[in-house]
Amino acid sequence: MAHTLAPLAAGAPTRSPTIRVLAAFASNADCNLASLGFAAGVDFDRLLKGTSYEAPFGQSPFAFSRGLNFERSLREGGYGSVFALLRESMGFEIADARVVSLREGYPPNRHGMIMRSRRTRALLDGMLREEVSAPNLIDGAVLATSVGGVRAYFEADALAARGRGPIHIGEVKSFPVVDDRGDPEKVGQALDQAAMYIHLVRNVASELGHDPTLISADAMLITPHNTGMRPTLSVKNVQPRVHRARVLLASVPSVADIAAFAPHGLSFGAIADQRPAGSHGKQELDPRADRRIDALHGLADGVGTTYRPLCLSTCGLARFCRERAFAGGSPNIAGAQMVRMLPGIHSLGRAADLAAGAPAAPTEAPAAAQLVRAARLYDTHTAAGGR
Ligand code: SF4
């Protein structure tokens with residue numbers, strides 16, 4: 001696929017392949033456009049910069065530097081504060097302090113990612129065999145998986161730890177947790193990331209002939225206590241999220257099939273902001289914005305999209321896709337329940353026509369019968385109410 005995906009991404013903003021990005025994408029796994037962009041490594045959060053559909057995402061510089069400082073503080077003294085937490089909360093022995101960091105010493109490219117994923121496998125194998133020389137903490141692991149038939153490598157933000165007993169995954173986040181409670185949305189995202197990591201590590205364990213349940217579904221969340229920098233550890237069971245991650249990844253459509261529907265000559269590069277950095281104000285609209293949006297319509301028409309309200313918090317193209325869904329009267333704009341109630345019906349306008357008695361195609365017939373009944377009921381009640 002590389003010869004197909006590279007030209008599609010040329011000139012577009014790209015993002016590093018991490019498990020955090022993979023976990024966020026998993027919610028949009030049934031969207032062809034999102035799958036194509038993900039496989040090509042395109043950063044949708046930055047793709048529409050300079051247009052009226054620009055994504056409002058992005059971490060504040062303060063939160064970003066707080067996150068870096070917190071991670072750095074955990075690594076100090078040979079991960080001393082992490083081991084202190086593991087001893088206090090997870091029963092690690094005093095002697096358990098063998099760390100391998102894979103964040104340095106590898107080229108910052110795909111070749112480096114492949115080397116790190118091989119080393120990660122070997123280290124996990126040693127941990128699962130309980131070899132004396134095996135580490136009990138891995139930082140910067142890289143795990144491989146296939147997404148829509150494309151082999152990809154993902155860097156873990158989280159830590160993999162083993163004392164006595166199963167391997168535990170520890171997700172490090174810089175938002176505060178007090179009395180085991182944090183911002184529910186941020187905690188949910190962190191647990192989804194930990195669940196994705198657990199799923200991928202369990203895959204490696206199975207491939208190596210180990211029992212995958214030796215990787216615990218109890219994820220550790222390592223966060224600052226309150227608003228300071230002192231770390232605290234909370235444990236959450238994420239088994240349902242691990243199951244969901246497996247199902248969602250397995251449902252990603254074939255990227256090769258999707259790419260075949262991309263209009264010839266169209267690429268994400270044609271949609272991207274090509275203005276040189278520093279040539280314009282931060283909020284200034286790109287004079288080419290309309291042409292870029294036309295190109296995105298072409299790509300979206302060719303490969304297809306699956307807009308739903310959840311996209312607003314998970315995908316950088318959500319404002320664009322929401323407007324398309326409104327313009328087309330897609331049932332998706334009314335949420336998943338409406339989509340389930342209107343099988344075979346592609347727009348709310350068509351649903352209104354069928355409710356008014358328009359002849360139904362065979363695929364529309366089951367929902368059309370319900371719509372006609374609902375319209376009669378509505379008319380009866382509004383007529384009665386009007387008398
Ligand atoms: S916003 Fe658009 S491209 Fe992104 S997942 Fe939703 S439908 Fe797909």
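Counting convention: from 1, in listed order, for ligands and their atoms alike. Just so you know, these numbers come straight off a predicted model, no measurement behind them.
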Asker: Hydrogens and angles aside, do Lys173 and Gln189 bring a side-chain donor and acceptor to less than 3.5 Å of each other?
Answerer: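 Distance-only check fails for Lys173 and Gln189.
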
Asker: Not counting sequence neighbours, list each pair that qualifies as a side chain to side chain donor-acceptor pair (under 3.5 Å) and has a residue in residues 254-263.
Answerer: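 Not a single pair qualifies under side chain to side chain donor-acceptor pair (under 3.5 Å).
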
Asker: Should Thr232 and Pro224 count as side-chain neighbours, where that means a heavy-atom distance under 4.5 Å?
Answerer: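 When only atoms from C-beta onward are counted, Pro224 and Thr232 do not touch, as no gap falls below 4.5 Å.
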
Asker: Start with the C-alpha distance between Arg103 and Arg75, add both sets of side-chain angles, then the distance that settles side-chain contact (heavy atoms from CB on, under 4.5 Å), and finish with yes or no.
Answerer: CA-CA 12 Å; Arg103 292 192 186 278; Arg75 290 189 189 117; 3.0 Å; yes

Asker: Hey, is Thr314 touching ligand 1 through its side chain, its backbone, both or neither, going by heavy atoms under 4.0 Å?
Answerer: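 Neither part.
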
Asker: In ligand 1, which numbered atoms sit nearer than 4.0 Å to a non-hydrogen atom of Thr306?
Answerer: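 This gives 7 (S) as the contact atoms.
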
Asker: Can you tell me if Tyr53 and Glu323 form a side-chain donor-acceptor pair at under 3.5 Å?
Answerer: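 Present: a donor and an acceptor within the cut-off.
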
Asker: Which atoms of ligand 1 are found less than 4.0 Å from any heavy atom of Thr305?
Answerer: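 That gives atoms 7 (S) of ligand 1.
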
Asker: Does the gap between the ring centers of Phe154 and Tyr197 come in under 6.0 Å?
Answerer: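 Distance test on ring centres: not under 6.0 Å, no.
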
Asker: Could you check, using the six-membered ring where one of them is a Trp, whether Phe320 and His297 have ring centers closer than 6.0 angstrom?
Answerer: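 For Phe320 and His297, the ring centres are under 6.0 Å apart.
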
Asker: For ligand 1, which atoms have a heavy atom of Asn28 less than 4.0 angstrom away?
Answerer: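 With Asn28 as reference, the close atoms of ligand 1 come out as 5 (S).
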
Asker: Counting from 1, what ligand 1 atoms have a heavy atom of Ala318 closer than 4.0 Å?
Answerer: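 Answer for ligand 1: 1 (S).
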
Asker: Got an N, O or S from Cys315 under 2.8 Å of atom 4 (Fe) of ligand 1?
Answerer: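 Yes, Cys315 qualifies, because one of its backbone or side-chain N, O or S atoms lies under 2.8 Å.
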
Asker: Assess Cys321: does it contribute an N, O or S atom lying under 2.8 Å from atom 2 (Fe) of ligand 1?
Answerer: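 Given the 2.8 Å cut-off, Cys321 counts as a ligand of atom 2 (Fe) of ligand 1.
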
Asker: N/O/S of Cys311 less than 2.8 Å from atom 6 (Fe) of ligand 1?
Answerer: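 Checking atom 6 (Fe) of ligand 1 against Cys311, an N, O or S atom does fall under 2.8 Å.
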
Asker: How close does the nearest protein non-hydrogen atom get to atom 8 (Fe) of ligand 1, and which residue and atom is it?
Answerer: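 For this ligand atom, the closest protein heavy atom is Cys31 SG, 2.3 Å.
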
